[in-house]
Trainee: 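Let me give you the structure first, and then I'll get to my questions.
Model, not experiment: these values are computed from the prediction. Throughout, a chain's letter reflects where its sequence line sits, starting with A, and its residues are numbered from 1.
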Amino acid sequence: MKLRKITDGVYEVSILNATEEELEEINETMGLALSIEEMKKMQEFFREMGREPTDLEIHAIAQGWSEHCSYKSSKPVLRKYIFGIPSEHAMIVMQDDAGVVEFDDEYAYVFKIESHNHPSAVEPYGGAATGVGGIIRDVLNMGAKPMALVDPLFFAPPNYDGKLNPGIKHPRFLLNGVVAGIRDYGNRVGIPTVAGMTYFHEDYVNNILVNAGCLGVVRKDKIVRSMVDAPGIKLVMVGGRTGRDGIHGVNFASKVLSEKSEEEKQAVQLGNPILKEPLIHVVLEANDMGIVYGMKDLGGGGLGSVVGEMCHAGGVGAEVHLDRVLLKEPNMAPWEIWVSESQERMLLAVKEENLPALEKLCKKWDVEMSVIGESISERRLRIYWHGEKILDMPLEFITAGVEYDRPFKIKKVERVQELPPEPKYHNVFLRILSDFNVASKEWIIRQYDHEVQGRTVIKPMQGIIGFESHGDASIIKPVHSSWKGIAITTVANPHIAKLDPYMGALYTVDEAVRNLVAVGARPSSLSDGLNFGNPEREEIMGEFVESCRGLGDAARVLGTPYVSGNVSFYNEAFGKNIPPTVVLMAVGIIDDIRAAVSSDFKRDGNHIYLVGSTAPDMGGSVYYRVLGAKSTVVPEVNINKTKELSEKLLKAMSRGLVRACHDISHGGLAVALAEMSMGGDVGAEIDVGAMQHMRSDFKLFSESPTRWICEVSPEHGEEFASLTGAVRIGTVSGDSLRIRDGARWLFNVSVEKMRTVWRGALRAHLG
Amino acid sequence: MKVAILQMEGTNCEEESYMAFKEIGAEPEYLHLNLLRPGMLEDYDMLFIPGGFSSGDYVRAGAIFAARLKAKAWNELRKFVEAEKPVMGVCNGFQVLIELGLLPGTDGISDVPEAALATNESNRFECRWVHLKKERDSIFSANVPDRIVLPVAHAEGRFIASPRVIEEMEAQRQVVFRYIAPDGSKPDYPWNPNGSINDIAAVVNSYGNVFGIMPHPERAFFWYQHPDWTRIPRNRGDGYYVFESLMRIIEAKNR
Amino acid sequence: MLKATIVVKLKEGVDDPEGKTIKHSLNLLGFEPVVRVNVARHYEIFIDAPREEGEKMIEEMLRKLLINPVIHEYEVRVEEI
Amino acid sequence: MLKATIVVKLKEGVDDPEGKTIKHSLNLLGFEPVVRVNVARHYEIFIDAPREEGEKMIEEMLRKLLINPVIHEYEVRVEEI
Ligand SMILES: Nc1ncnc2c1ncn2[C@@H]1O[C@H](COP(=O)(O)OP(=O)(O)O)[C@@H](O)[C@H]1O
Ligand SMILES: [Mg+2]
């Protein structure tokens, strides 16, 4: 690699006459993670310019073209299926860092989900904490006050006893570290973690997934765009200083994990919530004062992507003086400053006359700021270093990036289902209750402050104080003077998606709807977190395409758009890929939180109804996993039915007919009943004889979609059944769960016993 | 009644607290530690230190907040307390008051801490609701029913002090709330969520004007903040009554 | 330049939940012979001051911020570097 | 009986928000000459095993539970007591 020093820390790199091997060497040495075609495209560009690039220019391009920043593999697919689903209420969709949707006449809600998988695999505590920090900034930069966090997590089982590949940490260590990281960051910044999920599947052993979502609320007239659309606006960095930490995080996220990842210390950061907390105050107070012209957070890609994208979006250019950036350590090279992904930083666009007001705010909160440049009318990027121009390129070239129509292959799985003999119900039920995907997540949930800010009116754990069990969605009440609420849930079902990614996606959307409707909320919009393996493999790309097709088909029928999202590829390690993991953060609206419904049984003597129909499709079910039985026949989702039934149920709820409601998911009917019993500390007598005719075990443990259990007081039973077509399956009563199929008793387990098993299973392997 | 709600980086329950004071007709104002100037405290009738993670609770919960407040305004703070104006700290605020030596305050004000709020016995941050029994009336508890529920959310809430201090506190009836099991019996974990000696959840100093409480009354101000409101109808949240107790002083002020 | 190494421990008799939790985890991981774990906080503080002044400062830091005498004891080591 | 004293520190180059916050607070409290604070975790682990076995165990504990080699370095001192 041939270099020529231009000034301190800046080199000219000879690429004009480089051979293919030399380009490859430059790519490797500089850690660019580009393909050879991309290297050639860059070479072509500078040949046209008639000069050699600086190292800064090369890094800037590599960053702009990375998978993480450019979505080069996913864009064409997303465009085809996910983007542009019509909606009345969506305001800003898939444009800025987070989606914006109307809440009421005055307010909008803002949200997004994002992955932080690779950093968390390497350093669980810091990776998870900075994942939370990053997603908060995405919401904050729309001018919104962050009000809720969610944390869908995916690990191998905590009792995993197989061999671990070199450099791979045990799932227990990872789980403990991740939970601690989310807890310490979320709690310290004072944003409640109101929902999440904790999912176990052996295929995450080499590659855990840590997704994080944030929701905020903003007055419509205070929404800030991530763009600058006029020249002469000052660009101000606010918050943390810039350091060598986090260099190349973006390229890291676009690379396959390997043994060497352990050494990539530079991509690891711990995050500083005590810098973020006052930064949030500064940003929100500045926005209230009306002095924020535009704003974007510094996330993946650092200063480089932010300046580029902000100005590009507004049709202007920028001039930046890198020597004005405040540094953590001296002697950083300009390219390092440009690509560093140090945490807790925001870029504000501010008119010159408003700078003093911003300075005053920063002083009050003890937050640092620095004016690093300004927008210019020419659509170019110019960077200076102590007065010397060291980058001069059209913005278009850096930000537009590349796109690939990657080849894909859709694998068809033959539909087969073993029929094991009928089990001992009592034993198998308790084994299901202690399955890690069913067992209580209380140990995790309570380490997160889910009530700070005082808005959480339906909590993640529901029921009698001290006896609470799982709920389906949480509700926050964001505006003091209004009864309107926002319901939030997260869902994923990798076991089903692995067998059939298309149906898995439909199932996931269906479960999102189920969870929101269960608390009485109308589904409003979605954020999609798409976690996949290596897209350069055709089968993986096939899983991605099929998942997106499913997501699109489902959401179009429901009228719930994807307003933000995130794609994480290259979740591959040691040649193994994760199962296709579509995570949804779903938001619903409830007009009056006083009508919200929780999952715990309320009163002895009330009637129990099953809404929806059950099919004997056991593929992906907890029951078959517990038995070790094989089925590839996944539950079939009819999304029109999802829509129809959920509307009926919401109607019944709005009439006040429903005392408790829980959707049926992992573990089937029996688990849903158990959770409702434990939360209310009361038993139930159930007869599944009224359900469609099939094996009793399938009635109890099938995970068919679009089903809920509802508790209804006797006098409302008839009205409820005629509205929803539900069948009555039993009565709230006693202190045990007693289930029969017609004349035949299946099991009888005390609430106390269920609670001990359900609470203890996962707990025994944690902290 | 003008209430100063102290803020610094990492305090984060100030908005709920502000709203609670507003709702009972007080005049709350945020006062950032960085903006605190000599003579400022005098203008207020009450001082409130909210919950949160001041300075990340690095070193020890509340320690940095206390040290900085002490460095800035110790004499004024002493005067404020000696004038018997109310001072209240919730959660992190309670930790600050302990670190300042304003609580337990068995003998007024102490220059060194005489108690500690140590790491929970469970070794975990825990967000959960607890049952409390009121042990005595005070300006902070006069209107509170004998039994209430409130949420806790902390990692360091285990009240510890020497046997002598505990004895004095008990003799002077300084414990305002104790954790209790739902059936009224002595609480084990999780009913006593942190392992506090004598199940202590809230204390008042010997003058009766400095009050510290681990659970969060400001998070239970409205009925719909209770976790079991879908089961049990209420008109107000249980925490409301703590603030309502303070209204007496407001009314006295207004007269 | 001074480097002060300060170890802040819980006093004997004050329950150490963190130590207990780690002991428990170690036992679960198969390290049965572990009978006790104590956890302490360890600070390295670098001070640009002459020795005597620095030592006085450390005393003061301990008193003002780093320890709560009700539960903590400490060890200090100061070196010139 | 063995007593292992283990200090787990962040590697040079890993930014330590806790140390920085404490340093800043000390400066604000008037200890201006404080230029840097590092925070480490300090464990005393008591093991009922012969020396050699105990030392092997400590190695393993560090690897399995107490440190992440990506960000941590450590010092160990073992004494017989
Ligand atoms: N990692 C986590 N963080 C926060 N909440 C969690 C986490 N894991 C599970 N939960 C909460 O536990 C409850 C049950 O979760 P889950 O079993 O996934 O519910 P469902 O099947 O209804 O989606 C929900 O309230 C969920 O928000
Ligand atoms: Mg559910």
Trainee: Could you look at B:Met19 and say if it's the side chain, the backbone, both or neither that has a heavy atom under 4.5 Å from chain A?
Mentor: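 Just the side chain, heavy atoms under 4.5 Å.
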Trainee: Tell me, for A:Val367 versus chain B, whether the close heavy atoms (under 4.5 Å) come from the side chain, the backbone, both or neither.
Mentor: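 Neither part.
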Trainee: Test A:Glu277 against B:Phe53 for side chain to side chain contact (heavy atoms under 4.5 Å, CB included), laying out the working first.
Mentor: CA-CA 10 Å; A:Glu277 201 272 344; B:Phe53 281 84; over 6 Å; no
Trainee: Give a yes or no answer on whether the side chain of B:Asn12 reaches the backbone of A:Ile191 with a donor-acceptor pair at less than 3.5 Å.
Mentor: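 Answer holds: no.
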Trainee: Does a side-chain N-to-carboxylate-O contact under 4.0 Å join B:Glu15 and A:Lys145?
Mentor: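 A salt bridge is present here (some side-chain N lies under 4.0 Å from a carboxylate O).
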Trainee: B:Ser17, B:Ala155, B:Ser55, B:Gly51: which one forms the most heavy-atom pairs within less than 4.5 Å of chain A?
Mentor: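 Answer, by heavy-atom pair count under 4.5 Å with chain A: B:Ser55.
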Trainee: Between the side chains of A:Asp449 and B:Arg219, is the shortest nitrogen-to-carboxylate-oxygen separation below 4.0 Å, so that they form an ion pair?
Mentor: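 Here B:Arg219 pairs with A:Asp449 in a salt bridge, since their nearest N and O are under 4.0 Å apart.
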Trainee: May I ask you to name which of A:Gly190, A:Ala660, A:Pro273 has the most heavy-atom pairs under 4.5 Å with chain B?
Mentor: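 Ranked by heavy-atom pairs under 4.5 Å with chain B, first place is A:Gly190.
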Trainee: Has B:Arg231 got a side-chain atom pairing as donor or acceptor with A:Phe601's backbone, closer than 3.5 angstrom?
Mentor: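 Between the backbone of A:Phe601 and the side chain of B:Arg231 there is a qualifying donor-acceptor contact (under 3.5 Å).
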Trainee: Identify which part of B:Glu218 has an atom lying under 4.5 Å from any heavy atom of chain A, answering side chain, backbone, both or neither.
Mentor: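 Looking at B:Glu218, nothing touches chain A.
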Trainee: Rounded at 0.5 Å granularity, tell me how far CD1 in B:Ile64 sits from CD1 in A:Ile274.
Mentor: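 Here the rounded value is 9.0 Å.
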Trainee: How many angstroms lie between atom CG of A:Asp366 and atom CG of B:Asn34, to the nearest 0.5 angstrom?
Mentor: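 Between A:Asp366 CG and B:Asn34 CG, I get 5.0 Å after rounding to 0.5 Å.
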Trainee: Looking at B:Thr230 and A:Ser598, what are the two nearest heavy atoms and their distance?
Mentor: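 Shortest heavy-atom separation between B:Thr230 and A:Ser598 comes out as OG1-OG, 2.8 Å.
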Trainee: Just how far is it from atom CD of A:Gln447 to atom OG of B:Ser122, taken to the nearest 0.5 Å?
Mentor: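 Those atoms lie 8.0 Å apart.
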Trainee: For a quick test of reading the model, state the closest non-hydrogen atom pair linking A:Trp365 to B:Met8 and the distance between them.
Mentor: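 Closest approach of A:Trp365 to B:Met8, heavy atoms only: CZ3-O, 4.3 Å.
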Trainee: Under a 4.5 Å heavy-atom cut-off, does chain A meet the side chain of B:Glu9, its backbone, both or neither?
Mentor: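 The answer is both parts of B:Glu9.
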Trainee: Run the side chain to side chain contact (heavy atoms under 4.5 Å, CB included) test on B:Asp228 and A:Ile464 for me, step by step, so that the C-alpha distance in whole Å, both residues' side-chain angles and the decisive distance to 0.1 Å come before the verdict.
Mentor: CA-CA 6 Å; B:Asp228 54 359; A:Ile464 298 176; over 6 Å; no
Trainee: Keeping the roles fixed (side chain from B:Trp229, backbone from A:Arg594), state whether a donor-acceptor pair exists under 3.5 Å.
Mentor: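 Such a contact is absent between B:Trp229 side chain and A:Arg594 backbone.
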Trainee: Which bit of B:Pro227 is near chain A, if near means a heavy-atom gap under 4.5 Å: side chain, backbone, both or neither?
Mentor: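 Answer is both: backbone and side chain atoms of B:Pro227 are under 4.5 Å from chain A.
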Trainee: By a 4.5 Å heavy-atom criterion (distance strictly below it), what part of B:Ser54 contacts chain A: side chain, backbone, both, or neither?
Mentor: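 Neither part.
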Trainee: Taking the six-membered ring for Trp and the full ring for Phe, Tyr or His, determine whether the centres of A:His281 and B:Tyr30 are under 6.0 Å apart.
Mentor: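 No.
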Trainee: Give, for atom CD1 of A:Ile445 and atom CZ of B:Arg128, the distance between the pair rounded to the nearest 0.5 Å.
Mentor: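 If we round to the nearest 0.5 Å, A:Ile445:CD1 and B:Arg128:CZ are 11.5 Å apart.
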Trainee: Please look at B:His226 and chain A and tell me whether the side chain, the backbone, both or neither of the residue comes under 4.5 angstrom of a heavy atom of that chain.
Mentor: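 Backbone only.
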Trainee: Which atoms of B:Phe221 come close to chain A, meaning under 4.5 Å heavy atom to heavy atom: side chain ones, backbone ones, both, or neither?
Mentor: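 Nothing of B:Phe221, per the 4.5 Å heavy-atom cut-off to chain A.
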Trainee: Side-chain donor-acceptor pair under 3.5 Å between A:Glu451 and B:Trp129, yes or no?
Mentor: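 Short answer, yes.
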Trainee: Return the NZ to CG distance between A:Lys364 and B:Leu33, rounded to the nearest 0.5 Å.
Mentor: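 Taking NZ in A:Lys364 and CG in B:Leu33, the distance rounds to 12.5 Å.
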Trainee: Do you know the tightest heavy-atom contact between B:Glu16 and A:Val452?
Mentor: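 Smallest interatomic distance, heavy atoms only, reads OE2-C, 3.9 Å.
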Trainee: Do the ring planes of A:Trp483 and B:Tyr224 sit parallel (below 30°), tilted (30 to 60°) or perpendicular (above 60°)?
Mentor: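 Ring orientation, 0 to 90° scale: perpendicular.
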Trainee: Nearest 0.5 Å, what's the SG-NE2 distance between B:Cys127 and A:His450?
Mentor: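 It is 3.5 Å, given to the nearest 0.5 Å.
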Trainee: Could you check if a side-chain atom of A:Asp184 sits within less than 4.5 angstrom of a side-chain atom of B:Phe125, using non-hydrogen atoms only?
Mentor: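 Sidechains of B:Phe125 and A:Asp184: no contact.
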Trainee: Who among B:His131, B:Glu126, B:His32 has the most heavy-atom pairs with chain A under 4.5 Å?
Mentor: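 So the answer, after comparing B:His131, B:Glu126, B:His32, is B:His32.
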